[in-house]
Amino acid sequence: MRRHPGRGEAGDEVSEAPADRGASERGAEVGRRIGVGLMYGLWKPRVLGAWKVPASGPVILAVNHSHNVDGPMVMGVAPRPTHFLIKKEAFVGPLGTFLHGIGQVEVDRSVADRTAITRALGVLSDGGVLGIFPEGTRGEGDFASLRAGLAYFAVRSGAPIVPVAVLGSTEKRGRLIKQLPPLRSRVDVVFGDPFEAGDGSGRRTRKALDEATVRIQERLTGHLENARRLTGR
């Protein structure tokens, strides 16, 4: 069983992590505008269901992850500025400075990163949008294996989860830059209906988080299946 961030022993309540305001909403809006220019300039995003993202209040975007472009794509097409949890290995040199500047949250995946947890909860307590790759790392992008962090943030904050499926980013390799999708190719981004991860009891025990993870996985895999049918991918 994976260790949940910030939790105690079995049956214990999850410890309360203080929120902070380190993640800049202004920076995230700058990042969104940059993303709009890059994503629509380099590719042809087809965005479906963006209206389902609540217009205000805390929201968690749960995004499948099969390509490095998935995060920037969602940042560029989402209707609200998004603060993604991004592995610390990406925060190197000028890129790290840039990611911090646009309000992204650095996380050390090898430990229970209290600083990242606090910053992410701060985004939600301020009514912002937190982006999470619940699979933890790039893979098949099928939500087959979820880490515990998504359930923790959803149950701890009470924020609704909006499932997001990015489809088409791995279908072909680019001719000029093989690590990227072909320029001007179509990438579909499908937003799903928001849902609550908790069971309504307010419990934050290990068992409650494990049960929430099961519910989340069912909703995310169901959304991915619907997105594939809708887009034909």
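Between V105 and A116, the closest heavy-atom pair is CG1-O, 4.0 Å. Between A165 and L224 the shortest heavy-atom distance is CB-CD1, 3.8 Å. Taking every heavy atom of both residues into account, L99 and A90 meet most closely at CD1-O, 3.9 Å. Residues P58 and P160 share a closest heavy-atom pair of O-CD, 3.2 Å. Residues A197 and A212 approach most closely at O-CB, 3.6 Å, considering heavy atoms.
Here I161 contributes atom CD1 and E196 contributes atom CD; the two are 8.5 Å apart, rounded to the nearest 0.5 Å. To the nearest 0.5 Å, atoms CZ (R109) and CD1 (I86) are separated by 11.5 Å. Atom NZ of residue K87 and atom OG of residue S110 lie 13.0 Å apart, to the nearest 0.5 angstrom. M73 CE to D188 CG: the interatomic distance, rounded to the nearest 0.5 Å, is 10.0 Å. To the nearest 0.5 Å, atom CZ of residue R184 and atom NZ of residue K44 are 5.5 Å apart. Here the CZ-CG distance, from R114 to L121, works out to 8.5 Å after rounding to the nearest 0.5 Å.
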Note to self: Could you go through I216 and F195, starting from their C-alpha distance and side-chain angles, then the distance that decides it, and tell me whether this counts as side-chain contact (heavy atoms from CB on, under 4.5 Å)?
What the structure shows: CA-CA 9 Å; I216 290 169; F195 66 92; 4.1 Å; yes
>> side-chain contact (heavy atoms from CB on, under 4.5 Å) for L85 and R119? Distances and angles first, verdict last.
In response: CA-CA 10 Å; L85 280 170; R119 292 195 69 204; over 6 Å; no
Worked check of side-chain contact (heavy atoms from CB on, under 4.5 Å) between N64 and V166
CA-CA 7 Å; N64 68 325; V166 182; 3.8 Å; yes
Practice problem: Show your working on side-chain contact (heavy atoms from CB on, under 4.5 Å) between E25 and H83 and close with a plain yes or no. | Solution: CA-CA 8 Å; E25 190 72 12; H83 307 266; 3.1 Å; yes
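Classification of the H65-F133 ring pair by plane angle, with boundaries at 30° and 60°, yields parallel.
At a threshold of 4.5 Å between side-chain heavy atoms, the hydrophobic network of Ile, Leu, Val, Met, Phe, Trp and Tyr places V69 and L95 in one connected group. V214 and I132 are not part of a single hydrophobic cluster, where members link through side-chain heavy atoms under 4.5 Å apart.
Contact of the I117 side chain with the F153 side chain is registered, since non-hydrogen atoms from C-beta on lie closer than 4.5 Å. Within the 4.5 Å cutoff, the side chain of H67 has heavy atoms near those of the P181 side chain. Residues K88 and V107 fail the side-chain proximity criterion, which asks for heavy atoms closer than 4.5 Å. D193 has its side chain out of reach of V162: every pair of non-hydrogen atoms, C-beta onward, lies at least 4.5 Å apart. In this structure, the side chains of I102 and M75 come closer than 4.5 Å at one or more pairs of heavy atoms. Between L220 and P134, some side-chain heavy-atom pair lies under the 4.5 Å cut-off. In this structure, the side chains of L130 and V59 stay at 4.5 Å or more apart for every pair of heavy atoms. V189 is listed as a side-chain neighbour of F191, based on a closest heavy-atom distance under 4.5 Å.
For L48, the side chain to side chain contact (heavy atoms under 4.5 Å, CB included) partners at least two apart in sequence or on another chain are R46, V190, L230, T231. By the side chain to side chain contact (heavy atoms under 4.5 Å, CB included) test, E211 is found to be paired with D199, R203, K207, R215, residues two or more places apart in sequence or in another chain being considered.
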Quick one: side chains of residues 32-41, donor-acceptor pairs under 3.5 Å with protein atoms, not counting sequence neighbours, listed by atom name and distance.
residue, atom, partner, partner atom, Å
R32, NE, E29, OE1, 3.2
R32, NH2, E29, OE2, 3.1
R33, NE, E29, OE2, 2.9

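Between the side chain of D126 and the main chain of G128, no donor-acceptor pair closer than 3.5 Å is present. Remark: side-chain polar atoms of T213 are paired, donor with acceptor, to backbone N or O of L209 under 3.5 angstrom. Remark: side-chain polar atoms of D113 are paired, donor with acceptor, to backbone N or O of D108 under 3.5 angstrom. Not a single donor-acceptor pair under 3.5 Å links the side chain of W43 to the backbone N or O of V187.
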